[in-house]
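Heavy-atom basis, side chains included; hydrogens, waters and symmetry copies ignored.
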There are 2 protein chains.
Amino acid sequence: MRIGELATKAGVSVRALRYYEEQGLLTAARSSGGQRHYLDDAVDRVYLIQMLYAAGLSSRTILDLLPCVDAKVNTPQSRAMLRAERDRIDRQITQLRQARKRLDEVIALSESPASGCTRADTDAAVA
Amino acid sequence: MRIGELATKAGVSVRALRYYEEQGLLTAARSSGGQRHYLDDAVDRVYLIQMLYAAGLSSRTILDLLPCVDAKVNTPQSRAMLRAERDRIDRQITQLRQARKRLDEVIALSESPASGCTRADTDAAVA
DNA sequence: GTAAAACCTGACGTTCACGTGAGGGAAAAG
DNA sequence: CTTTTCCCTCACGTGAACGTCAGGTTTTAC
């Protein structure tokens, strides 16, 4: 498939795919005319990349991790890196939970009929 | 306390504190000479700001939320905003869990003596 | 009273993951 | 064969959260 189709299937922009290639995260065969051609499994690869981006990893880190995911590299260093990133994600989840908890407290307060309700509540809620 | 002390206590840079003020997230009294002076509770306020930044909120969103946290604003809109942000954090946690799971799978594979270990494992692990 | 810290206001620089044209070929459709 | 449609490579723009340097003032220490 060509880049437009992959972009649609993977739910990202064409520009993003070119960027991934530029970062070494995604490779493509080229037609005689220079156009990129991808195999079907490129869709999953893009999903994975997106997932790692969403987890807060940088292009560089993803670039280091992908060979491990592909099971092409498996050294003590690579395993340490994997664990380090997993731990980073764990810490990030912990932070998010804290923030969530904090917001929940505020929400609970704001929804209880106690404390300083600006009374815009009971008034405007029906109107 | 002055800005340097607050920066140290809160574990952020002086520049960051000035930036927070610029964004309306943090206010300070001024000395006759124009220097910022903070109360002790500013430390907690900075912690909170950092927590919300870490949760992926933008300055603008934090600016909108802070009055709610301070219980100074409590309208149907503000409560909806709080819930929206909490839900966003929930979705982000879900994504992080997925990424973590994926990494865990890779780690499990790389640490099991099966599959394509590059053998750098059993060799160099002792050396 | 003077020198060293610490602070002030601009204002430009940085990084990241792309967005967005510009100008020009390649490929599928008629 | 021509017309769309898709694709190509530069290459500059963007937004967010600061970093950093310049040039000057205020506070603190001796």
Residues in side chain to side chain contact (heavy atoms under 4.5 Å, CB included) with [X], at least two apart?
X        : value
Val46(A) : Leu6(A), Ala10(A), Val12(A), Leu17(A), Tyr20(A), Leu26(A), Gln50(A)
Leu39(A) : Asp41(A)
Arg18(A) : Ile3(A), Val14(A), Arg36(A)

In whole angstrom, what separates Arg18(A)'s CZ from dC8(D)'s C1'?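 From Arg18(A) CZ to dC8(D) C1': 7 Å.
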Starting from C1' on dT9(D), measure out to CD on Glu21(A) and report it in whole angstrom.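 In whole Å, dT9(D) C1' and Glu21(A) CD are 12 Å from each other.
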With sequence neighbours excluded, what pairs up with [X] under the side chain to side chain donor-acceptor pair (under 3.5 Å) test?
X         : value
Gln23(A)  : none
Lys101(B) : none
Thr94(A)  : none
Arg60(A)  : Asp64(A)

Distance under 4.0 Å to a non-hydrogen atom of chain A counts as contact; along DNA chain C, which nucleotides mark the start and end?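 Extent of the interface on DNA chain C: dA17(C) to dA27(C).
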Treat primed atoms plus P, OP1 and OP2 as sugar-phosphate and everything else as base, then score nucleotides 16-30 of chain D 5' to 3': B for base contact with protein heavy atoms under 4.0 Å, S for sugar-phosphate contact only, - for none. -BBBB-----SSS--
What is the nucleic acid contact for Arg36(A), judged by heavy atoms within less than 4.0 Å: base, sugar-phosphate only, or nothing?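 Sugar-phosphate, backbone atoms only, no base.
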Cationic N near anionic O, under 4.0 Å, Arg83(A) to Asp87(A):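 The answer is no: the pair does not qualify as a salt bridge.
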